[in-house]
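Structure first, then comments.
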Amino acid sequence: MSNKRIVSGMRPTGKLHLGHFHGVLANWRELQEEYECFFFAADWHSLTTEYDNTGAIRDNIREMVIDWLAFGVDPAKSVIFRQSLVPQHAELNLILSMITPVSWLERNPTFKEMQDNLDAKDLSTFGFLGYPVLMAADIILYRAGKVPVGHDQLPHLEITREIARRFNYLYREVFPEPAALLTETPKVLGLDGRKMSKSYGNSIYLSETAEETSKKIMSMVTDTQRVRRSDPGEPDRCVAFNLHRLYVPDDERAEIVEACRGATIGCVDCKKILARHLVETLAPFRAKRVELAARPELVDEILAEGSDRAAREATMTMTDVRDAIRL
């Protein structure tokens, strides 16, 4: 076990947006400076809900990893790999599934929630129910000491800890019980005031152009109670102001708050300021993204090399697992 080793993954379900940047990538970028990080494209996890729509997964992986690299995840500092290129994930998942009580999986808070939210899709599958087992395999395969999670993900990590504990009890101590590395991330609202999500169609994507971003910003909901330009506004009621807090400098933002409440600035002008700062902040990342997108073979090489490195670690773990269960 290494308390300085971290494992985290992301499902390749489509384009990444500002919520992914602030919720995951900005954190990964900092963690790699202090920890030994294993970051993976969780393509097998995608099959739990997209088993009947697999055609886009490969392209999604490449596009997702391009975003990772462009926004600061460094293959010289982190192991970047593809889950399905490390078959030990599947082997350990199978072994852990033999010892995991079904009741543990049925009490998983995400199980019922996702079934309700995706009621148009049949999720009464063995793979979907067993999602936490595969997640546990992903984590403990690398004997990581910590897993970066938000407060809402703590129940998921606890299942991983219970599975590791049960394996150690039944056979012998092989796996550490990974601790949560709690991460505080800003809440990023979408264009309509709901959580930014591809499924809501309210996202600002990392891969879009400056013009596309500016157009979306100008369409954002503001203070719905400010009917006329001459009416005083309230930034705390304004959806767009959520992004001001992330992208507009403090001193300029303070001036905007005063002007909004005094009705000396309108919502259109306010959103133009936001669009300018957002586009300027993302410009260097997007320029790097364009360069990487023109070299897809480089991304494939990074994934292949990272998967080889991950497989070497996974092989050592599985040697211990097989020895423990006497296979």
Side-chain angles (χ1 to χ4, degrees), residues 1-12 15-46 57-89 137-149 176 178-185 205-207 281-318:
M1 170 182 179
S2 172
N3 282 321
K4 301 296 288 185
R5 178 174 290 180
I6 279 177
V7 177
S8 190
M10 190 183 294
R11 296 202 315 162
K15 295 180 179 180
L16 301 190
H17 51 63
L18 290 182
H20 293 113
F21 172 61
H22 290 284
V24 180
L25 296 185
N27 187 41
W28 283 7
R29 194 169 58 186
E30 293 182 8
L31 290 174
Q32 69 184 359
E33 300 299 329
E34 184 179 352
Y35 293 90
E36 179 188 15
C37 295
F38 286 70
F39 298 135
F40 66 96
D43 49 351
W44 273 334
H45 277 298
S46 295
I57 291 178
R58 284 188 179 180
D59 287 340
N60 285 345
I61 290 170
R62 181 179 287 158
E63 291 299 307
M64 181 178 73
V65 174
I66 286 174
D67 283 333
W68 294 2
L69 299 172
F71 282 78
V73 181
D74 188 348
K77 299 175 180 177
S78 303
V79 180
I80 301 172
F81 68 101
R82 180 172 169 178
Q83 183 187 34
S84 65
L85 293 182
V86 186
Q88 291 88 346
H89 284 254
D138 296 332
I139 295 169
I140 66 177
L141 183 60
Y142 300 97
R143 295 191 260 210
K146 299 180 185 296
V147 180
V149 294
L181 181 62
L182 288 172
T183 57
E184 297 296 336
T185 58
Y205 293 106
L206 304 182
S207 57
T281 300
L282 296 181
F285 303 111
R286 285 176 166 170
K288 185 175 181 181
R289 196 192 189 287
V290 170
E291 294 177 6
L292 290 164
R295 301 177 61 195
E297 72 285 350
L298 174 62
V299 179
D300 293 342
E301 289 172 7
I302 289 172
L303 282 170
E305 180 180 338
S307 298
D308 285 343
R309 290 175 62 189
R312 289 195 291 272
E313 292 289 335
T315 296
M316 290 189 286
T317 299
M318 291 311 301

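In what follows, every heavy atom counts, from backbone to side chain, and hydrogens, waters and symmetry copies are set aside.
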Rounded distance [0.5 Å steps], CG in D308 versus CG in L303: 11.0 Å

Minimum heavy-atom distance I140-P176, with the two atoms named: CG2-O, 4.3 Å

Residue pair Y205 / R286: nearest heavy atoms and the distance that separates them: O-NH2, 2.9 Å

Any K146 side-chain heavy atom under 4.5 Å of K4 side chain: no

Heavy-atom side-chain contact between V147 and L181 under 4.5 Å: no

F71/L282 under side-chain contact (heavy atoms from CB on, under 4.5 Å): CA gap, chis, key distance, verdict: CA-CA 9 Å; F71 282 78; L282 296 181; 3.9 Å; yes

Ring center gap for F39 and W68 short of 6.0 angstrom: no

SG-CG distance between C37 and L31, expressed to the nearest 0.5 angstrom: 5.5 Å

F38 backbone acceptor or donor facing S78 side chain under 3.5 Å: no

Flag, side chain of Q32 to backbone of G72, donor-acceptor distance under 3.5 Å: yes

R295/E297 under side-chain contact (heavy atoms from CB on, under 4.5 Å): CA gap, chis, key distance, verdict: CA-CA 5 Å; R295 301 177 61 195; E297 72 285 350; 3.6 Å; yes

Test log, rule side-chain contact (heavy atoms from CB on, under 4.5 Å), inputs L69 and I80: CA-CA 10 Å; L69 299 172; I80 301 172; 3.8 Å; yes

Taking every non-hydrogen atom, the tightest pair across P178 and I139: CG-CG2, 3.8 Å

Nearest-0.5 Å distance that lies between atom CG in D300 and atom CZ in R58: 10.0 Å

Straight-line distance of H20 NE2 to M64 CE, nearest 0.5 Å: 9.5 Å

S307 side-chain N/O to R82 backbone N/O, donor-acceptor pair under 3.5 Å: yes

P75 to V73 - nearest heavy-atom pair and separation: CD-O, 3.6 Å

Contact check, side chains of P296 and R62, non-hydrogen atoms, under 4.5 Å: yes

Salt bridge present between K77 and E33 (N-O < 4.0 angstrom): yes

With F81 via ring pair (Phe, Tyr, Trp, His ring centres under 6.0 Å) - residues at least two apart: F40, H89, Y142

Check against side-chain contact (heavy atoms from CB on, under 4.5 Å), L16 and V24: CA-CA 10 Å; L16 301 190; V24 180; over 6 Å; no

Residue pair V299 / L292: nearest heavy atoms and the distance that separates them: CG2-O, 4.4 Å

Interatomic distance, M316 atom CE to R312 atom CZ [nearest 0.5 angstrom]: 9.0 Å

Nearest atoms (heavy-atom pairs only) where E63 meets R289: OE1-NH2, 2.8 Å

Side chain T317, main chain L141, donor-acceptor under 3.5 Å: yes

Salt bridge (Lys or Arg N to Asp or Glu O under 4.0 Å) evaluation trace for R5 with E36: CA-CA 5 Å; R5 178 174 290 180; E36 179 188 15; 3.1 Å; yes

Atom pair CH2 (W28) and CG (D74), whose distance is rounded to the nearest 0.5 Å: 14.0 Å

Candidate pair H45 and D138, rule side chain to side chain donor-acceptor pair (under 3.5 Å), full reasoning: CA-CA 10 Å; H45 277 298; D138 296 332; 2.6 Å; yes

